[in-house]
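Reviewing the structure listed below.
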Number of protein chains: 2
Amino acid sequence: MKRDSRLSGVLHVLLHMAQQPGPFTSETLAKAMDTNPVVIRRIMAGLRDLGYVRSEKGHGGGWTLACDLAKVTLRDVYIALGSPSLLAIGNRTEAPGCLVEQSVNAALDQAFGDAQALLLSRFGEVTLAMLGDDLRKRLGSRKLQGMSAHGA
Amino acid sequence: MKRDSRLSGVLHVLLHMAQQPGPFTSETLAKAMDTNPVVIRRIMAGLRDLGYVRSEKGHGGGWTLACDLAKVTLRDVYIALGSPSLLAIGNRTEAPGCLVEQSVNAALDQAFGDAQALLLSRFGEVTLAMLGDDLRKRLGSRKLQGMSAHGA
DNA sequence: AAATCATGTAACATATAAAGTTACATGAAA
DNA sequence: TTTCATGTAACTTTATATGTTACATGATTT
């Protein structure tokens, strides 16, 4: 199955935005992400609706951060994306009449639930500000070598 | 993304087989699972290769359990399926040159790794025998009402 | 007011992987 | 030798993320 990378993508965008004042057009961000502007608008829509970012039309428009990075966690961002399913495996059918299926589902659901809860919990422990700090560290050691954020 | 239900499916098959002596043809199992015989053969192939089940051709042939159910865990079955990916979400790109992406990936990978490890650990704690016990309990309470394993 | 710029969004195309299906080869039992 | 059952390749279908095109909406500049 193809893995959903929207969370990774939108975090990437947010971190880029945190490095310098905005606003940023979808086209600019798309270039940095090597993707299409429409994809940017798509993954940002939920964040905008929840007020984490703002978008402006017209000249000088684009995307702007509108939240305290220290107060927004990866969990918040994940939820803004619509809480897409976290697990690649699941039960064959829901609401099975077959007792065998019920036994199997009960066992698997327990494990699935634990894993999902753990993931969400971990996401909740990491703020965008922490990601920014980590990035600054990496940038710091690169700067000594005169390289940019996108340098190879 | 479409969820991979092969683990759920193959466990369902094994539990059905544990309820009565075999052998079972792929067609019989497929009917109980409401799917295609080829799908059964496909998900059983790994188990056969690892010796958990046997398959025989010709008249009176079919699938037979060939392991101690108390010694095979959901983890073993999962591995027999080829250890398909557990998570539906992932990083945008691997081996990114972009430092921003490195920061994002580092944060996410930590959480992903923890969740995968937890899932595998939980799988390792559950044996097929335990699933069978659970099923027998469910069957027991149904029998009092004169219903079969597939009764609605 | 008109031209330009940028988002918003629908519609369609592409890519990937699971699941389902068909066809046929292989081999065992009646 | 016929029948049955697995083994497997090849193809189709389905679902979903991702990519793309087209155009409407609205803000800014001239």
Side-chain angles (χ1 to χ4, degrees), chain A residues 1-10 12-13 17 22-49 52-64 66 78 81-94, chain B residues 1-10 12-13 17 22-50 53-64 66 78 81-94:
Chain A
M1 141 206 332
K2 187 188 276 184
R3 242 135 138 200
D4 183 341
S5 65
R6 281 175 292 183
L7 179 59
S8 170
V10 77
H12 191 148
V13 168
M17 290 174 67
F24 303 82
T25 67
S26 299
E27 185 158 353
T28 300
L29 294 172
K31 259 173 198 152
M33 304 269 302
D34 196 40
T35 183
N36 192 291
V38 176
V39 173
I40 300 293
R41 295 190 192 115
R42 210 135 66 186
I43 64 179
M44 297 287 280
L47 288 166
R48 178 196 57 220
D49 295 345
Y52 299 138
V53 298
R54 255 199 324 266
S55 64
E56 308 276 5
K57 294 180 177 178
H59 274 98
W63 299 91
T64 322
Y78 164 77
L81 287 174
S83 305
S85 48
L86 295 168
L87 299 182
I89 66 180
N91 292 328
R92 233 169 50 84
T93 58
E94 293 304 330
Chain B
M1 139 205 333
K2 188 189 274 183
R3 242 136 139 199
D4 183 341
S5 66
R6 281 176 292 183
L7 179 59
S8 170
V10 76
H12 191 149
V13 167
M17 291 174 67
F24 304 82
T25 67
S26 300
E27 186 158 352
T28 299
L29 295 172
K31 259 173 199 150
M33 304 268 302
D34 195 42
T35 183
N36 192 290
V38 176
V39 174
I40 301 292
R41 295 188 192 115
R42 208 136 67 186
I43 64 179
M44 297 287 279
L47 288 166
R48 178 197 57 221
D49 295 346
L50 290 181
V53 298
R54 256 199 322 267
S55 64
E56 307 276 4
K57 294 180 178 178
H59 275 96
W63 298 91
T64 321
Y78 165 76
L81 288 175
S83 305
S85 48
L86 295 169
L87 299 182
I89 65 180
N91 292 328
R92 234 169 50 83
T93 58
E94 293 305 330

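Chain naming here is simple, since letters A, B, ... match the order of the sequence lines and numbering starts at 1 in each.
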Is any side-chain heavy atom of Pro84(A) less than 4.5 Å from a side-chain heavy atom of Arg6(A)? yes
Would a 4.5 Å heavy-atom cut-off, applied to side chains only, mark Leu86(B) and Leu87(A) as touching? no
Whole angstrom is fine here: how far is it from [atom1] in [X] over to [atom2] in [N]?
{"X": "Glu27(A)", "N": "dT7(C)", "atom1": "CD", "atom2": "P", "result": "9 Å"}
{"X": "Met44(B)", "N": "dG7(D)", "atom1": "CE", "atom2": "P", "result": "10 Å"}
{"X": "Ile43(A)", "N": "dA17(D)", "atom1": "CD1", "atom2": "P", "result": "13 Å"}
{"X": "Asp34(A)", "N": "dG19(D)", "atom1": "CG", "atom2": "P", "result": "8 Å"}
{"X": "Asp4(B)", "N": "dG20(C)", "atom1": "CG", "atom2": "P", "result": "11 Å"}
{"X": "Arg41(A)", "N": "dA22(D)", "atom1": "CZ", "atom2": "P", "result": "15 Å"}
{"X": "Arg54(A)", "N": "dA6(C)", "atom1": "CZ", "atom2": "P", "result": "17 Å"}
{"X": "Arg48(A)", "N": "dT9(C)", "atom1": "CZ", "atom2": "C1'", "result": "10 Å"}

Measure across [X] and [Y] and return the closest heavy-atom pair with its distance rounded to 0.1 Å.
{"X": "Ser85(B)", "Y": "Ala88(A)", "result": "O-CB, 3.3 Å"}
{"X": "Gly60(A)", "Y": "Pro23(A)", "result": "O-CG, 3.2 Å"}
{"X": "Thr25(A)", "Y": "Trp63(A)", "result": "C-CD1, 4.3 Å"}

Give me the distances for all protein-to-nucleotides 12-14 of chain D N/O pairs that come in under 3.5 Å?
residue : atom : partner : partner atom : Å
dT14(D) : O2   : Lys2(B) : NZ           : 2.9

Quick check on [N]: is either OP1 or OP2 less than 4.0 Å from any side-chain nitrogen or oxygen of [X]?
{"X": "Ser55(A)", "N": "dG8(C)", "result": "yes"}
{"X": "Ser5(B)", "N": "dA19(C)", "result": "yes"}
{"X": "Thr35(B)", "N": "dG20(C)", "result": "yes"}
{"X": "Ser26(A)", "N": "dT7(C)", "result": "yes"}

Could you say whether Arg42(A) or Val38(B) is positioned toward the 5' end of DNA chain C, judged by the nucleotide with the nearest heavy atom to each? Arg42(A)
Do any N or O atoms of the protein come closer than 3.5 Å to N or O atoms of nucleotides 25-28 of chain D, and which pairs are they?
residue : atom : partner  : partner atom : Å
dT25(D) : O2   : Lys57(A) : NZ           : 3.1
dG26(D) : O4'  : Lys57(A) : NZ           : 3.4
dG26(D) : N2   : Gly58(A) : N            : 3.1
dT28(D) : O2   : His59(A) : ND1          : 3.1

Can a donor-acceptor pair be found between the side chains of Ser5(A) and Ser8(A) at a distance below 3.5 Å? no
Supply the atom-to-atom distance Arg3(A) CZ to Asn91(B) CG, rounded to the nearest 0.5 angstrom. 8.0 Å
Contacts under 3.5 angstrom, residues 32-50 of chain B side chains, donor-acceptor by atom type, not counting sequence neighbours:
residue  : atom : partner  : partner atom : Å
Asn36(B) : OD1  : Val38(B) : N            : 2.9
Arg41(B) : NE   : Ser26(B) : OG           : 3.4

Ignoring the backbone of Arg6(B), work out which of dT21(D), dA17(D), dA19(C) is nearest its side chain. dA19(C)
